[in-house]
Amino acid sequence: MKFNNLFKPITINRLSIKNRIVMPAMALFFTDNYTFSNPYKEFYRERANGGVGLMFIGPVAIDKVGSTPHMLGLFEEDHIKPFKQFNKELHSLTDVKVGIQLMHQGRYANGKLTGMTPIAPSPIPSPLTRETPREMTQSDIEEVKNSFTKSALWAKEAGFDYIELIAGGGYLIGEFLSPLTNHRTDEYGGSIEKRMRFGLEVIRKVRKAIGEDVCMGIRVSGHDYLEGGNTNVESSLFCVEAEKAGVNAINVTGGWHETNIPQVSSDVPPGAFLYLARNIKEKVGIPVFASNRLGDPVLAEKALRAGASDMICWGRPLIADPELALKVKNGKLKEVVPCIACNQGCLDAIFLKNQVSCTVNPNVGLEGKRVLSDALTKKRIFVAGGGPAGMQFAVNASRQGHDVTLYEMSDTLGGQVNLIEAIPGKEAYSGVVKSLENRLEVYGVTVKLKTVLTAEMIEKKRPDLLVVATGAQPAKLNIFGIDQPKVVSAWDLLNGTVSEIGNQVVVIGGGATGCETALMIAKLDIPSADTFRFLSFQSAESPDNLKHMLYRSGRKITVLEMAPHMASNMGATTRWALIKSLKLLSVDLRTKTKIIRIEENGVVIESKHGEELLLSDTIVIATGSRSVNSLAQEVKDLEIEVITIGDAKQPRKISDAIFEGFDEAYKL
């Protein structure tokens, strides 16, 4: 496909931008005192060099009460200088346009971190911090408007090309807009016209201060996705008025952070929220940006061709691959490292107040520190195992000039990632394997499939280094009756080895693997997205019948877990969506439950209600895994250097495996 629209220049106000690719503001937590630290600079520098057209730094706090110390700040004069120096550098070395996003968190601010009581339109507790904000007085309102204006003027002085005010996501301006968080009875509350007043006053005041020449925009929620909150109708009304007030473009994202509608996880279909931008674009006369699950360049190009938006936001895709824009432009799609929407290193990290990292890009946060270079001494390296750890190691070692041969006992690469992609909503994980496969080819790694690397082969060929990345196997349970034919492993179900599943299913193990396997089983009888779309479009079934079909699994499925919580080894931003899906499909989730034995007709369990027999004709074991690393022991007397990585070292997450593969190769 030709990406003509994606790389077409655009002018917003008086700002000329080389292409339609936007890197939106994203929390990174690379500071704990508001400072524009060196990790930020290295992170943004790498993306600026990667070919993006417009790049937003931020979110940037306009004051202390509406922020946290983990955010960047521009509310003191000392904050200006590092931004100014950095912008000067980028403008001299690149043609990227640099924006800043100014934020006040409102009731989302964390008073425990700032030492200040958060402020908001009304004293309604935040579901994220569990704190109740103080209702803003008229004096507070004027002070916040002045803070937005002062920070905007300083942003102009610092050389930013574009100033964006965040008016969505559940933050302060959005809180004034929403009837859920604005219960005021003065001129700032009540009707939609009054609820818009604060945001519009901020826009007008900032516009007057910075002048007409500076490019200014807003980022809005196209739909709050909260019962009783604003929909795309109210959001569009605000955007129309914001255009009149002086904004030059509108950046449309999805719902608030507290919504129970998934926004950016892998189970959200790519482009699912594009309609939000399209609906707003139909009502305004200024450029509109589209966001969320648009990282596929083909999808992004089609969205622009269709006129759904004027620019495309790539946030996490540019965390995953800083050179994404350049690779697409130069036809190097095989080298793209795709975002898999796992949320593990980005959103999950932010909720834990940790620095952002990335499952598929182990160098995030380490830009400028770990730079691959040609090896001084080139080694002949054998890698045993073609999972993510072994593949990542092989790619990086070969990039440094080493002679690398990778051995994989099966006929496909990918290891356990191939199991994950069988789970509904996790299809994007296949991109990890495909990307690594492509890069193995690009960097000249010799790959030998259906070949077991043995100690005898190593003794005969004498490599300089052996890397053991042989992964893991399902852990075995010591339970009476475990050897019955109806007892199968979750791995065998996910890889297709087991094809017959009964109508009464019990899953033993309520971690991520057990819950996701239960979801896969529950969705076997549900219409595919294409089928559902066809039936809906043709009005073949009533809406009620279609909804019933979506939630009817056709099986009785029970998940058993000894711990107090299901899927406790998953990140917060994906766990709730998984649990919600299981409940919608009527999967019975039982915690604090002990397995006593397996009988011919079911599983005997013990809980607070006593002993009980659960009838079942298929029992799925999903209770963890154990390392497979015997090869390292078998060659210990050969005086060959050995490194063990990934699950072969210790069963962990895919992010750990990829990071370890990258890191060990870097140390060579």
Side-chain angles (χ1 to χ4, degrees), residues 23-37 39-40 42-44 47 56-61 64 66-73 101-114 118 126-131 164 166 168-172 174 219 221 253-266 268 291-293 295 313-320 322 339-367 568-578 653-656 659:
M23 188 178 84
M26 296 175 287
L28 300 173
F29 279 24
F30 290 167
T31 182
D32 57 9
N33 60 1
Y34 303 102
T35 59
F36 189 45
S37 59
Y40 275 110
E42 294 291 352
F43 177 89
Y44 288 118
R47 275 81 191 163
F56 283 99
I57 290 176
V60 177
K64 280 191 175 181
S67 64
T68 73
H70 300 296
M71 291 174 59
L72 292 170
Q101 184 189 84
L102 301 179
M103 170 188 277
H104 192 295
Q105 289 187 303
R107 70 172 187 155
Y108 280 174
N110 192 320
K112 295 182 180 67
L113 297 176
T114 64
S126 164
L128 300 186
T129 65
R130 308 299 180 187
E131 296 180 52
E164 181 177 81
I166 185 160
Y171 301 111
L172 185 63
R219 183 165 170 89
S221 292
T253 184
W256 284 22
H257 291 305
E258 61 201 77
T259 177
N260 68 352
I261 305 297
Q263 299 293 293
V264 291
S265 50
S266 61
V268 177
S291 306
N292 294 1
R293 300 289 281 132
C313 287
W314 283 349
R316 294 176 307 158
L318 286 166
I319 294 180
C339 169
I340 58 173
C342 66
N343 292 352
Q344 290 181 16
C346 48
L347 294 181
D348 285 343
I350 293 301
F351 274 91
L352 294 173
K353 299 179 180 60
N354 294 330
Q355 292 187 2
V356 160
S357 61
C358 181
T359 294
V360 296
N361 180 2
N363 217 32
V364 171
L366 298 169
E367 292 89 350
S568 58
N569 57 340
M570 293 185 71
T573 62
T574 50
R575 177 185 176 275
W576 69 266
L578 172 60
K653 296 179 180 179
I654 179 177
S655 54
D656 298 313
F659 182 91

Of all heavy-atom pairs linking Pro262 and Ala577, the shortest is CG-CB, 3.9 Å
Arg293 and Val264 have their tightest heavy-atom pair at CD-O, 3.8 Å
For Ala27 and Pro59, the nearest pair of non-hydrogen atoms, with its separation, is N-CD, 3.7 Å
One should read off an interatomic distance between Trp256 CH2 and Leu128 CG, to the nearest 0.5 angstrom, of 10.5 Å
With the side chain counted from C-beta on, respond yes when Arg316 and Asn343 share a heavy-atom pair under 4.5 Å apart, and no when they do not.
yes
Value for OG1 (Thr114) from NZ (Lys64), rounded to nearest 0.5 Å, stands at 9.0 Å
Nearest heavy-atom contact between Cys342 and Asp348 is O-OD2, 4.5 Å
Side-chain contact test, heavy atoms from C-beta onward, threshold under 4.5 Å: evaluate it for Gln105 versus Pro118 and give yes or no. no
Output for pair (Ser265 OG, Asn292 CG), nearest 0.5 Å, gives 10.5 Å
| message | Do Gln263 and Val268 make a side-chain contact, defined as non-hydrogen atoms from C-beta onward lying under 4.5 Å apart? | response | no
Rounded to the nearest 0.5 angstrom, the CE-CH2 distance for Met23 and Trp314 is 13.0 Å
Within the 4.5 Å heavy-atom criterion, are Ile57 and Phe36 side-chain neighbours or not? yes
Please test Met26 against Val356 for side-chain contact (heavy atoms from CB on, under 4.5 Å), starting from the C-alpha separation and ending with a verdict.
CA-CA 10 Å; Met26 296 175 287; Val356 160; over 6 Å; no
Q) Between the side chain of Ser37 and the main-chain N/O of Phe30, is any donor-acceptor distance below 3.5 Å? A) yes
On a heavy-atom basis, the closest approach of Pro317 and Gly295 is CG-CA, 3.6 Å
Are any side-chain N or O atoms of Ser221 and backbone N or O atoms of Gly254, one a donor and one an acceptor, separated by less than 3.5 Å? yes
Value for CE (Met71) from CG (Asn33), rounded to nearest 0.5 Å, stands at 13.5 Å
Discussion item. If you define the side chain from C-beta out and look only at heavy atoms, does anything of Ser291 sit under 4.5 Å from Arg219?
Written reply: yes
Taking the side chain as every heavy atom from C-beta outward, state whether Lys653 and Met570 have any pair of such atoms under 4.5 Å apart.
-> no
The side-chain hydrogen bond (donor to acceptor under 3.5 Å, both in side chains) partners of Thr68 (sequence neighbours excluded) come to none
Quiz item: What is the ring orientation for Tyr108 with Tyr171, classed by angle as parallel under 30°, tilted 30 to 60°, or perpendicular over 60°?
Solution: perpendicular
Result block: side-chain N/O donor-acceptor pairs under 3.5 angstrom for residues 359-367, not counting sequence neighbours:
residue: Asn361; atom: OD1; partner: Asn363; partner atom: N; Å: 3.1
residue: Asn361; atom: ND2; partner: Ile319; partner atom: O; Å: 2.9
residue: Asn363; atom: OD1; partner: Arg370; partner atom: NE; Å: 3.2
residue: Asn363; atom: ND2; partner: Arg370; partner atom: O; Å: 3.1
residue: Glu367; atom: OE1; partner: Gly365; partner atom: N; Å: 2.8
residue: Glu367; atom: OE2; partner: Arg47; partner atom: NH1; Å: 2.8

When every non-hydrogen atom of His257 is compared with those of Gly169, the smallest separation belongs to CD2-O, 3.4 Å
Item to check | Non-hydrogen side-chain atoms of Phe29 and Ile350 separated by less than 4.5 Å | outcome: yes
d(Asp32 CG, Gln355 CD) to nearest 0.5 Å is 9.0 Å
So Ser126 and Glu131, do their side chains get closer than 4.5 Å, heavy atoms only? no
Take Asn110 and Thr129, measure what side chain to side chain donor-acceptor pair (under 3.5 Å) needs, and give me the verdict at the end.
-> CA-CA 6 Å; Asn110 192 320; Thr129 65; over 6 Å; no
